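We number each residue from 1, following the sequence as shown. Bear in mind the structure is a predicted one, so any value in this text is a computation, not a measurement.
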Amino acid sequence: MRAAAVFLFVACLLTATPAQAAGEADLIALINDYRSVPRECEGRREPIAAPLAPSSALAAVDPGREGRFGDALKASGYRAAAATSILFSGPGNAVEIRRLIEARYCRTLLDPRYSQIGVSRSGASWRINLARPLVPEGLGDWREAGQAVLRLVNLARGQSRACGDEQFQRARPLAWNEALAEAALAHSRDMASRDYFSHADPAGASVRQRAASARYRWHYVGENIAAGLGSPDQVVAGWLASPGHCVNLMSPDFVDMGAAYAVEPASKLDIYWTQTFGAR
C-alpha cells in the first residue's frame with residue numbers, strides 16, 4: 001500500500017499598484033482566516049478547513065528556475081504526502097495578495113489535505129508552499145505509534161465485520177507484547193534500510209524466524225505490513241480494507257500483538273510499518 005504523493009506547481013504573474021510590503025506571517029494569518037469559515041469556491045460550497053501550521057522548513061523549499069517542486073522538497077529532506085506551490089509577483093501588501101490569489105486559487109487555499117504552510121519572499125516575488133508531511137507531528141516514537149495501532153485494532157476487533165467473503169464475530173482484545181514489537185521493529189527497519197517491501201527479507205526469512213529470534217515461542221504467528229502511510233489511522237484503515245490483512249487483524253487465534261514503524265528518506269516508500277501477531 002502506498003500513499004499517493006501529490007505535487008503541484010502553480011505560477012502566476014500579478015500586477016498591481018506597489019504597496020507597503022507586509023510580512024510573511026501576515027499572509028499566513030490571512031490565509032488561515034480565509035480557511036476558518038465556509039466559502040463559495042468555483043461554484044461549490046467548501047467547508048471550514050483546519051488552520052495551517054507555519055513551517056520554516058517548508059518556507060525554505062525553492063525549486064529555482066527548473067520549477068520541480070517535488071524534487072526540491074525531497075532534496076530539502078521534507079517528506080510530503082501532498083504538496084503544492086504557488087509563485088507570484090506584483091503586490092506587496094498581504095491583504096491584496098490574499099485577495100488576488102484566492103480569486104484564482106481558492107480550491108488550493110481551502111484544500112483540507114494540507115496542514116502546513118511556508119511563505120517566502122524575494123523583492124516583489126512571493127512563494128506559498130502548502131504541504132502535509134508524510135510523518136505527521138505528534139506521531140511519537142515507534143512504540144507510541146505501535147500502541148496507537150493496537151488501540152485501533154482492538155476497537156476494530158470489538159465489532160463484527162466481513163473480511164472479503166469471510167465473516168468474523170467480535171474478538172477479544174489483543175495484548176501488547178514486547179517481543180513481537182521488537183520483531184515488528186526489526187522488519188520495519190530492515191525494509192526501510194534495504195529499500196524493499198515484502199513479508200520475506202532478501203535472505204528469505206519470514207515472520208516465523210523474526211518472532212523466534214525475538215524469543216517469542218509461538219504456536220500461531222502472523223504479520224501485516226504497510227508502507228507510505230503516515231499515521232496509525234491510515235495504516236489500520238488500509239488493513240481493514242484489504243481482506244487478507246483484515247483476516248489477520250480479526251482472527252480469534254491471536255492473543256498478542258506488537259507494531260512499529262521505521263522511516264528512511266532515501267527509500268522509495270519513505271515509511272514502513274509492521275504488525276506482528278502471535279499466540280503461545
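- With hydrogens and angles disregarded, a donor-acceptor distance shorter than 3.5 Å links the side chain of Glu144 to the backbone of Asp141.
- Listed for the Ser122 side chain is no donor-acceptor partner under 3.5 Å among the backbone atoms of Ser125.
- Using bins of under 30°, 30° to 60° and over 60° for the plane-to-plane angle, the ring pair Tyr261/Trp273 lands in the tilted bin.
- Judged purely by distance below 3.5 Å, without hydrogens or angles, the side chains of Tyr272 and Asp190 never pair a donor atom with an acceptor atom.
- Side-chain contact check for Leu58 versus Leu73: some heavy-atom pair is nearer than 4.5 Å.
- Both Trp176 and Tyr220 belong to a single network of hydrophobic side chains, linked directly or stepwise wherever heavy atoms of I, L, V, M, F, W or Y lie under 4.5 Å apart.
- The CD1 atom of Ile101 lies 5.5 Å from the CD1 atom of Ile86; values are rounded to the nearest 0.5 Å.
- For Ala260 against Ala184, the heavy-atom pair with the smallest separation is N-CB, 3.9 Å.
- Listed for the Arg121 side chain is no donor-acceptor partner under 3.5 Å among the backbone atoms of Trp126.
- Heavy-atom contacts from other residues, nucleotides or ligands closer than 6.0 Å to CZ of Arg208 number 12 or fewer.
- No continuous path of ILVMFWY side-chain contacts below 4.5 Å connects Leu180 to Val149, so the two sit in separate hydrophobic clusters.
- Linking ILVMFWY residues whenever their side-chain heavy atoms come closer than 4.5 Å, directly or via other members, places Val135 and Leu152 in the same cluster.
- In terms of modelled atom types and a separation under 3.5 Å, the side chain of Asn129 and the main chain of Val61 share a donor-acceptor contact.
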Inset, instruction - Start with the C-alpha gap between Ser193 and Glu264, add the side-chain angles, then the distance that decides, and say whether side-chain contact (heavy atoms from CB on, under 4.5 Å) holds. - result: CA-CA 6 Å; Ser193 64; Glu264 175 47 68; 5.7 Å; no

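- Within a 6.0 Å radius of CZ in Arg107, more than 12 heavy atoms belonging to other residues, nucleotides or ligands are found.
- In this structure, OG1 in Thr108 is found 7.5 Å from CG in Leu130, a value given to the nearest 0.5 Å.
- For the pair Tyr216/Val221, no side-chain contact is recorded, criterion being any heavy-atom separation below 4.5 Å from C-beta on.
- Between Cys106 and Arg39, the closest side-chain pair of non-hydrogen atoms is not below 4.5 Å.
- Atom CG of Leu30 is separated from atom CD of Glu96 by 11.5 Å, given to the nearest 0.5 angstrom.
- Rounding to the nearest 0.5 Å gives a distance of 10.5 Å between CE of Met191 and CG of Asp201.
- Val247 approaches Glu166 most closely through the heavy-atom pair CG2-OE1, 3.7 Å.
- A chain of hydrophobic side-chain contacts below 4.5 Å, direct or via other Ile, Leu, Val, Met, Phe, Trp or Tyr residues, connects Leu139 to Trp239.
- Distance alone, capped at 3.5 Å, places no donor-acceptor pair between the His187 side chain and the Ala200 backbone.
- Under the 3.5 Å distance criterion, the side-chain polar atoms of Ser267 are matched with a main-chain donor or acceptor of Asp270.
- Scanning all heavy atoms of the two residues, the minimum distance from Met257 to Gly146 falls at CE-O, 4.0 Å.
- Taking each heavy atom of His245 and Ile225 in turn, the nearest pair found is NE2-O, 3.8 Å.
- Taking both residues in full, the closest heavy atoms of Pro243 and Cys163 are given as O-CB, 3.9 Å, listed atom of the first, atom of the second, then distance.
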Inset, instruction - Quick one: do Gln275 and Val153 satisfy side-chain contact (heavy atoms from CB on, under 4.5 Å)? Show the steps, please. - result: CA-CA 10 Å; Gln275 177 184 35; Val153 166; 3.1 Å; yes

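- Across all their heavy atoms, Glu40 and Gly43 have their closest contact at OE1-C, 4.2 Å.
- Taking CZ of Arg35 as the start and CD1 of Ile117 as the end, the distance is 8.0 Å to the nearest 0.5 Å.
- Using a cutoff of 4.0 Å between basic side-chain nitrogens and carboxylate oxygens, Arg113 and Asp111 are scored as salt-bridged.
- In this structure, Arg79 contributes its side chain and Leu134 its backbone to no donor-acceptor pair below 3.5 Å.
- Hydrophobic clustering, with ILVMFWY side chains joined whenever heavy atoms are under 4.5 angstrom apart, keeps Leu150 apart from Trp218.
- Contact check for Ile97 versus Phe88: side-chain heavy atoms found under the 4.5 Å cut-off.
- Checked by atom type and distance alone, the side chain of Asn154 pairs as donor or acceptor with a backbone atom of Leu174 at under 3.5 Å.
- Judged by distance alone, the side chain of Asn177 and the main-chain N or O of Gly258 form no donor-acceptor pair under 3.5 Å.
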Inset, instruction - Determine, step by step, whether Asn248 and Phe254 satisfy the side-chain contact (heavy atoms from CB on, under 4.5 Å) criterion, reporting the C-alpha distance in whole Å, the side-chain angles of both residues, the deciding distance to 0.1 Å, and the verdict. - result: CA-CA 8 Å; Asn248 272 347; Phe254 296 132; 4.0 Å; yes

Legend entry - Derivation and outcome, side-chain contact (heavy atoms from CB on, under 4.5 Å), residues Ile31 and Ile128: CA-CA 10 Å; Ile31 289 172; Ile128 301 173; 3.9 Å; yes

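- Considering only heavy atoms from C-beta on, Tyr78 comes within 4.5 Å of Ser55 through its side chain.
- Side-chain contact between Arg157 and Met250 is present, with at least one heavy-atom pair separated by less than 4.5 Å.
- For the pair Val207 and Arg210, the minimum side-chain heavy-atom distance is below 4.5 Å.
- In this structure, the side chains of Ile28 and Leu52 stay at 4.5 Å or more apart for every pair of heavy atoms.
- A side-chain donor-acceptor contact under 3.5 Å links Ser188 to the backbone of Thr274.
- The OG atom of Ser85 sits 8.0 Å away from the CG atom of Asp62 when rounded to the nearest 0.5 Å.
- Heavy atoms of other residues, nucleotides or ligands lying less than 6.0 angstrom from CZ of Arg215 number 12 at most.
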